[in-house]
Amino acid sequence: MEEFFLGFLLPACIVVVLPVAIVFIISFNNKAKYEKKFSFLEKCVENGVEINPDLIVDQGKKALSSKATLKTMLLNRLAGGVSFLLIGIGLFIWSVTFYIKDAFLLPAIALIAVGIGLLVWYFIGKKMLAEDIRDEKEALAQHENRLSK
């Protein structure tokens, strides 16, 4: 029974249950954020307060924030690539160690391929977008200078 748990159930939980839980948490968080924003806007309308259109369409400050920069997008690709690669290598080693090659060898290879693809995307994007990242950094610095004045 212990061999079944270590050899099949634990990796199955890691590959299936963990991603489902992450997607559920992210979607629940986004739903709560939008419900909070909607209730705030609803109270503003009820009280006759003027509403900033940027609050409704999620633009304005967010468009030039550090979350929306090309550099952050590339760093997210790097983090995703490393994560997928390490999980794939771990799953590959796990499947070879416990002689369950048929069950998790293909998902392990797929995760390794996705990780390598994201890493390649990061390095190519870093070279191609170097000038755009520099321009965006200067625009963000100018925007922050205007806000601080």
Side-chain angles (χ1 to χ4, degrees), residues 1-41 51-149:
M1 181 67 179
E2 183 178 323
E3 186 176 304
F4 176 73
F5 177 74
L6 288 176
F8 182 73
L9 286 181
L10 186 61
C13 288
I14 291 172
V15 172
V16 175
V17 175
L18 188 61
V20 169
I22 290 171
V23 167
F24 176 75
I25 290 169
I26 290 171
S27 65
F28 182 74
N29 188 21
N30 285 342
K31 182 179 177 186
K33 182 178 89 173
Y34 286 115
E35 285 178 359
K36 184 177 178 182
K37 184 183 282 189
F38 179 76
S39 67
F40 172 74
L41 291 172
I51 299 172
N52 186 357
D54 290 339
L55 292 175
I56 297 171
V57 289
D58 284 336
Q59 291 179 353
K61 186 177 175 184
K62 185 176 179 181
L64 288 173
S65 70
S66 61
K67 292 180 182 179
T69 63
L70 290 172
K71 184 176 180 180
T72 305
M73 181 195 69
L74 285 175
L75 290 176
N76 287 339
R77 299 277 188 261
L78 177 65
V82 170
S83 299
F84 277 111
L85 189 62
L86 291 178
I87 291 170
I89 290 171
L91 190 59
F92 181 79
I93 291 171
W94 188 283
S95 66
V96 170
T97 304
F98 289 103
Y99 303 108
I100 51 172
K101 296 176 184 171
D102 296 338
F104 294 104
L105 193 59
L106 189 60
I109 292 171
L111 287 171
I112 291 171
V114 169
I116 290 171
L118 286 172
L119 289 175
V120 167
W121 190 353
Y122 166 75
F123 288 112
I124 291 173
K126 185 177 176 184
K127 288 180 183 178
M128 289 178 61
L129 299 173
E131 187 175 313
D132 294 334
I133 290 172
R134 188 175 52 249
D135 293 341
E136 191 174 61
K137 188 175 182 180
E138 290 171 4
L140 185 61
Q142 290 174 355
H143 181 70
E144 288 178 2
N145 286 338
R146 276 188 267 141
L147 289 177
S148 65
K149 289 181 181 181

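In this chain, residues are counted from 1 in sequence order.
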So which atom in Met73 and which in Leu129 form the shortest heavy-atom distance, rounded to 0.1 Å? CE-CD1, 4.2 Å
With sequence neighbours excluded, what pairs up with Ile26 under the side-chain contact (heavy atoms from CB on, under 4.5 Å) test? Ile22, Asn30
Test Leu85 against every option in Leu111, Ile116, Val114 by the side-chain contact (heavy atoms from CB on, under 4.5 Å) rule and name the one that passes. Ile116
Any residue meeting side-chain contact (heavy atoms from CB on, under 4.5 Å) with Lys137, in chain and number order, not counting sequence neighbours: none
Full working for side chain to side chain contact (heavy atoms under 4.5 Å, CB included) between Leu78 and Leu74: CA-CA 6 Å; Leu78 177 65; Leu74 285 175; over 6 Å; no
Run the side-chain contact (heavy atoms from CB on, under 4.5 Å) test against Glu131 and tell me which residues pass, sequence neighbours left out. Arg134, Asp135
Looking at CG of Leu75 and CG of Leu70, how far apart are the two atoms once the value is rounded to the nearest 0.5 Å? 11.0 Å
Atom pairs and distances, side-chain donor-acceptor, residues 120-127, under 3.5 Å, sequence neighbours left out:
none

Between CG of Leu106 and CG of Leu91, what distance do you get to the nearest 0.5 Å? 10.5 Å
Search all heavy atoms of Gly81 against all heavy atoms of Leu118 and return the closest pair with its distance. CA-CB, 3.5 Å
Who passes side-chain contact (heavy atoms from CB on, under 4.5 Å) against Phe92, sequence neighbours left out? Val96, Leu105, Ala108, Ile112
Search all heavy atoms of Lys71 against all heavy atoms of Glu136 and return the closest pair with its distance. N-OE1, 4.2 Å
